[in-house]
There are 2 protein chains.
Amino acid sequence: MSQPDTKTRILDAAEKLFAQDGFHNTSLRGITGLAKVNLAAVNYHFGSKDALLQAVIERRIIPLNRIRQQKLEAVLDQAKSAGKSPAAENLLHAFIEPTLAFRNSGPGAVDFIALIGRALSEPDETVRNCFIQQVLPLFTLLFSSLAQALPELPAHILLTRLQFTMGALSHVMCLSARPPLQLPGFPEPLVDERLAEELIGFVCQGLEAPC
Amino acid sequence: MSQPDTKTRILDAAEKLFAQDGFHNTSLRGITGLAKVNLAAVNYHFGSKDALLQAVIERRIIPLNRIRQQKLEAVLDQAKSAGKSPAAENLLHAFIEPTLAFRNSGPGAVDFIALIGRALSEPDETVRNCFIQQVLPLFTLLFSSLAQALPELPAHILLTRLQFTMGALSHVMCLSARPPLQLPGFPEPLVDERLAEELIGFVCQGLEAPC
DNA sequence: CAAGGATTCAAACGAGTGTTTTAATCACAT
DNA sequence: ATGTGATTAAAACACTCGTTTGAATCCTTG
């Protein structure tokens with residue numbers, strides 16, 4: 001079996017270590033050691049550590065965003081052709097389900113999901129800005145779609161509740177790359193599809209609450 | 001006016017910088033510079049950077065946990081003396097409201113809230129374990145109380161939904177130390193008490209959803 | 001006032017960081 | 001085969017990090 005090329009090996013190793021240890025806790029020597037490439041290869045192929053992070057994120061978030069946008073627009077189109085407002089549950093499903101399903105899209109994908117799940121709470125602007133820039137258009141679409149779905153909800157309340165939703169989703173994304181953290185006295189929490197459905201139901205109830 | 005003593009000045013500066021830049025992005029030189037003390041003072045008074053983090057967290061989380069435990073037990077006692085199960089909403093209120101109100105308990109408190117809001121998604125075990133160790137007993141109490149309040153809910157579903165709740169709460173805690181992030185086309189989200197009430201209502205709906 | 005422990009200070013240590021440099025090697029077109 | 005540009009390799013760069021050292025200073029107690 002032939003190894004992937006140098007760029008891919010670096011991206012794979014960086015994705016894993018960024019997700020596992022965080023961006024600033026990960027050294028280029030750790031990445032190049034894991035990828036079995038020379039230390040200078042990172043700066044040769046990507047230019048800098050910051051640019052490597054951006055490449056790691058973009059490699060996966062662009063296809064993921066395409067999927068989420070397609071599913072959102074499908075819900076909007078279907079509602080439009082039925083002459084009705086889209087249902088909040090369908091919109092949330094279109095956004096959340098592909099996000100969590102993406103964890104099973106291949107080796108390393110679960111690391112990526114954990115990485116961007118932490119991006120929102122990342123103190124460093126390098127990581128946060130890189131992520132926000134990529135996800136803002138989609139977030140805007142989701143927000144305006146939900147405003148259609150819940151016309152009686154004031155916009156600032158909707159935005160606040162959407163922040164809660166993003167917090168819950170981000171947390172689930174982070175957890176999915178960590179060992180389940182078994183504690184005595186606690187049951188095992190849900191995983192995979194059941195988890196996605198449960199999360200969608202949870203935030204749906206919260207978003208649709210009277211105000 | 002007399003300055004606080006060296007230990008307090010270090011704790012205050014460390015709290016602010018840990019919250020702002022993260023534990024590993026914060027250098028002892030940054031802390032001692034802001035605190036206007038000598039570099040070696042940290043190791044003299046606290047022993048190490050890790051021990052300083054623990055001191056920063058414990059200084060505030062011990063009083064905060066005492067408040068939350070008191071409020072939780074008050075809800076439990078009141079339900080017991082009324083011969084009824086506690087209401088999930090009251091339990092959530094007892095846990096969440098003091099947490100967010102704590103942001104206004106003094107200068108620097110909002111930084112602390114942001115710091116422990118990020119603790120759950122922190123990749124570094126130093127930070128995460130230090131936090132989990134402090135909060136686990138309280139979390140256990142909240143979990144078992146909610147199990148009483150929602151006896152028809154299977155334990156693993158309850159735990160899963162409680163994870164969603166912690167995600168939403170953590171995210172709000174993180175955001176509270178950042179500038180509101182005004183974006184064109186988006187309204188201003190809620191702040192302060194209104195925010196706490198909105199969050200409690202949100203997670204309450206989600207927790208009580210049928211399953 | 002004098003003694004002695006607590007605290008502060010400047011300086012340095014060794015290890016680790018991202019990045020750059022320069023030469024060696026590879027793959028492919030002529 | 002030969003030369004050429006792309007890639008890899010080893011080494012060093014300048015810098016920051018947490019920690020330690022040993023002397024200077026402060027403050028309290030006798």
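Lettering of chains follows the sequences in order, A, B, ..., and the numbering in each one begins at 1. Predicted model only: the values in this text are computed from it and were never measured. Atom set for the values below is all heavy atoms of this structure, side chains included, hydrogens, waters and symmetry mates excluded.
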The residue, A:N25 or A:A40, whose nearest nucleotide of DNA chain C is more 5′ is A:N25
Rounded distance in Å - [atom1] ([X]) to [atom2] ([N]):
X	N	atom1	atom2	value
A:H24	C:dT17	NE2	P	13 Å
A:L39	C:dT19	CG	C1'	8 Å
A:D21	C:dG16	CG	C1'	15 Å
A:D5	C:dC26	CG	C1'	15 Å
A:L52	C:dG18	CG	P	10 Å
A:F46	D:dA6	CZ	P	17 Å
B:Y44	C:dT8	OH	C1'	9 Å
A:D124	C:dG18	CG	P	13 Å

Among B:V127, B:I57, B:I31, which residue satisfies the side chain to side chain contact (heavy atoms under 4.5 Å, CB included) criterion with B:F18?
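Option passing the side chain to side chain contact (heavy atoms under 4.5 Å, CB included) with B:F18: B:I31.
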Result for side chain to side chain contact (heavy atoms under 4.5 Å, CB included) between B:F23 and one of B:D50, B:L115, B:L17 points to B:D50
Going by side-chain hydrogen bond (donor to acceptor under 3.5 Å, both in side chains), B:Q69 matches just one of B:K71, B:R66, B:E73. Which one?
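Running side-chain hydrogen bond (donor to acceptor under 3.5 Å, both in side chains) over B:K71, B:R66, B:E73 with B:Q69 returns exactly one hit, B:E73.
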Is [Y] close to [X] at the side-chain level, that is, under 4.5 Å between some pair of heavy atoms?
X	Y	value
A:F102	A:I61	no
B:Q20	B:D111	no
B:H93	B:E197	yes
A:H171	B:S170	no

Begin with the C-alpha distance, continue with both residues' side-chain angles, and end with the deciding distance and a verdict on side chain to side chain contact (heavy atoms under 4.5 Å, CB included) for A:L199 and A:V203.
CA-CA 6 Å; A:L199 175 58; A:V203 301; 3.9 Å; yes
[X] side-chain proximity, nearest of [options]:
X	options	answer
B:N38	C:dA10, C:dA6, D:dA6	C:dA10
A:N43	C:dA10, C:dT19, D:dT19	C:dT19
A:H45	D:dT8, D:dG18, C:dA6	D:dT8

Looking at C:dG18, I'd like to know if its phosphate oxygens (OP1 or OP2) sit under 4.0 Å from a side-chain N or O belonging to A:S48.
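For A:S48, the contact criterion (side-chain N or O under 4.0 Å from OP1 or OP2 of C:dG18) is not met.
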Looking only at side-chain N and O atoms, does A:S27 come under 4.0 Å of OP1 or OP2 in C:dT17?
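For A:S27, the contact criterion (side-chain N or O under 4.0 Å from OP1 or OP2 of C:dT17) is met.
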Using a 3.5 Å limit for the pairing distances, which stems of at least 3 consecutive Watson-Crick or G-U wobble pairs does DNA chain D take part in?
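Result, WC/G-U stems under 3.5 Å: C:3-28 with D:3-28.
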By side-chain hydrogen bond (donor to acceptor under 3.5 Å, both in side chains) - contacts of B:R161 (at least two apart):
A:E198
Interface with DNA chain D, restricted to residues 28-37 of chain A and to heavy atoms under 4.0 Å:
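A:R29, in order of number.
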